[in-house]
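What you are looking at is a predicted structure, and each value in this text was computed from that prediction instead of being measured. All values below come from the heavy atoms of this structure, side chains included, with hydrogens, waters and symmetry mates left out.
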Amino acid sequence: TPGALVSFDAKGLPQFSYPNQGASQYALLLTRGDSFQRSLDWAVRTPQTRVSYPEDGRPLEPGFYRFRVVPLDGSGQPMGPALEGSFSRP
């Protein structure tokens, strides 16, 4: 199964895409560094399999970022394995 992918729009903002896993929603978590436990730089829930970082979101500082996509069922509970990816901001 292909994992979660990241690309960048013309303004340099990340766009995330991931395979349809039959979920009602997907939770996307973004963190700088190696842990999703400490602090998140951004989080969103969406029924879409593609989501863009908001233009009015907090500017992303330079550094290494990790993201995780968690498929959620109709009650908002995780279903199946999360997908992960990473990228660097110069």
Side-chain angles (χ1 to χ4, degrees):
T1 319
L5 303 174
V6 63
S7 58
F8 297 91
D9 69 12
K11 295 183 175 152
L13 297 173
Q15 299 176 311
F16 305 94
S17 58
Y18 33 92
N20 185 331
Q21 296 176 281
S24 294
Q25 287 194 314
Y26 298 89
L28 189 140
L29 313 173
L30 177 66
T31 186
R32 191 169 67 213
D34 57 0
S35 172
F36 290 95
Q37 308 304 321
R38 276 199 321 256
S39 67
L40 295 175
D41 287 274
W42 184 55
V44 66
R45 281 189 181 198
T46 177
Q48 306 298 318
T49 56
R50 183 175 189 90
V51 64
S52 298
Y53 188 80
E55 287 189 29
D56 60 355
R58 189 171 69 189
L60 295 176
E61 301 291 328
F64 179 77
Y65 288 84
R66 291 179 58 214
F67 60 95
R68 178 178 291 163
V69 179
V70 182
L72 304 174
D73 66 17
S75 6
Q77 296 302 306
M79 52 170 275
L83 300 173
E84 294 194 0
S86 61
F87 64 93
S88 290
R89 295 282 295 183

Enquirer: Among residues two or more places apart or on two chains, list those pairs meeting salt bridge (charged side-chain N to carboxylate O under 4.0 Å, His left out) that have a residue in residues 12-29.
Expert: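 Counting only pairs at least two positions apart or across chains, no salt bridge (charged side-chain N to carboxylate O under 4.0 Å, His left out) contact touches residues 12-29.
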Enquirer: Any non-hydrogen side-chain atom of V44 less than 4.5 Å from a side-chain atom of Y53?
Expert: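 V44 does not reach Y53 side chain to side chain.
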Enquirer: Answer whether the closest heavy-atom distance between the side chains of Y65 and V6 falls below 4.5 Å.
Expert: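 Side chain of Y65 against side chain of V6, heavy atoms only: no contact under 4.5 Å found.
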Enquirer: Closest approach of P71 and Q21, non-hydrogen atoms and distance?
Expert: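 Residues P71 and Q21, closest heavy atoms: CG-OE1, 3.5 Å.
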Enquirer: Same cluster for Y18 and M79 if Ile/Leu/Val/Met/Phe/Trp/Tyr side chains link at under 4.5 Å?
Expert: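 Different hydrophobic clusters.
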Enquirer: If the condition is side chain to side chain donor-acceptor pair (under 3.5 Å), which residues does S75 pass it with, not counting sequence neighbours?
Expert: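 S75 satisfies side chain to side chain donor-acceptor pair (under 3.5 Å) with D73 once adjacent residues are dropped.
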Enquirer: With E55, which residues qualify under side chain to side chain donor-acceptor pair (under 3.5 Å), at least two apart?
Expert: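 E55 satisfies side chain to side chain donor-acceptor pair (under 3.5 Å) with K11 once adjacent residues are dropped.
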Enquirer: As an exercise, state the distance from CG of L72 to OG1 of T46, rounded to the nearest 0.5 Å.
Expert: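 The CG atom of L72 sits 10.5 Å away from the OG1 atom of T46.
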Enquirer: With sequence neighbours excluded, tell me which residues meet side chain to side chain contact (heavy atoms under 4.5 Å, CB included) with S39.
Expert: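 S39 satisfies side chain to side chain contact (heavy atoms under 4.5 Å, CB included) with no residue once adjacent residues are dropped.
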Enquirer: Could you work out, with ring-ring contact (aromatic ring centres under 6.0 Å, His included) as the rule, every residue matching F36, not counting sequence neighbours?
Expert: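 Testing F36 for ring-ring contact (aromatic ring centres under 6.0 Å, His included), a comparison that skips the adjacent residues, returns none.
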Enquirer: Keeping to residues at least two apart or across chains, list the salt bridge (charged side-chain N to carboxylate O under 4.0 Å, His left out) pairs with something in residues 41-54.
Expert: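 Only D41-R58 qualify under salt bridge (charged side-chain N to carboxylate O under 4.0 Å, His left out).
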Enquirer: Report, one line per pair, each donor and acceptor closer than 3.5 Å where one atom sits in a side chain of residues 80-90; sequence neighbours left out.
Expert:
from: E84; atom 1: OE1; to: R66; atom 2: NH2; distance (Å): 2.7
from: E84; atom 1: OE2; to: R68; atom 2: NE; distance (Å): 2.6
from: E84; atom 1: OE2; to: R68; atom 2: NH2; distance (Å): 2.6
from: R89; atom 1: NH1; to: G12; atom 2: O; distance (Å): 2.4

Enquirer: Who pairs with F64 by ring-ring contact (aromatic ring centres under 6.0 Å, His included), at least two apart in sequence or on another chain?
Expert: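 Counting only residues at least two positions away or on another chain, F64 forms no ring-ring contact (aromatic ring centres under 6.0 Å, His included).
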Enquirer: For residues 67-86, which residue pairs pass the ring-ring contact (aromatic ring centres under 6.0 Å, His included) check, not counting sequence neighbours?
Expert: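 For residues 67-86, and leaving out neighbouring residues, the ring-ring contact (aromatic ring centres under 6.0 Å, His included) pairs sorted by first residue read F16-F67.
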Enquirer: Which pair of non-hydrogen atoms, one from V70 and one from P78, has the smallest distance, and what is that distance?
Expert: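 Smallest interatomic distance, heavy atoms only, reads CG1-CB, 3.9 Å.
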Enquirer: Test: side chain to side chain donor-acceptor pair (under 3.5 Å). Region: residues 24-33. Which pairs qualify, not counting sequence neighbours?
Expert: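 Only N20-Y26 qualify under side chain to side chain donor-acceptor pair (under 3.5 Å).
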Enquirer: Side-chain contact, heavy-atom cut-off 4.5 Å: W42 with P54?
Expert: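 In short, these two side chains touch, coming nearer than 4.5 Å.
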Enquirer: Mind jotting down which residue pairs meet the salt bridge (charged side-chain N to carboxylate O under 4.0 Å, His left out) criterion with at least one end in residues 13-30? Sequence neighbours excluded, please.
Expert: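 The answer is none; no pair qualifies.
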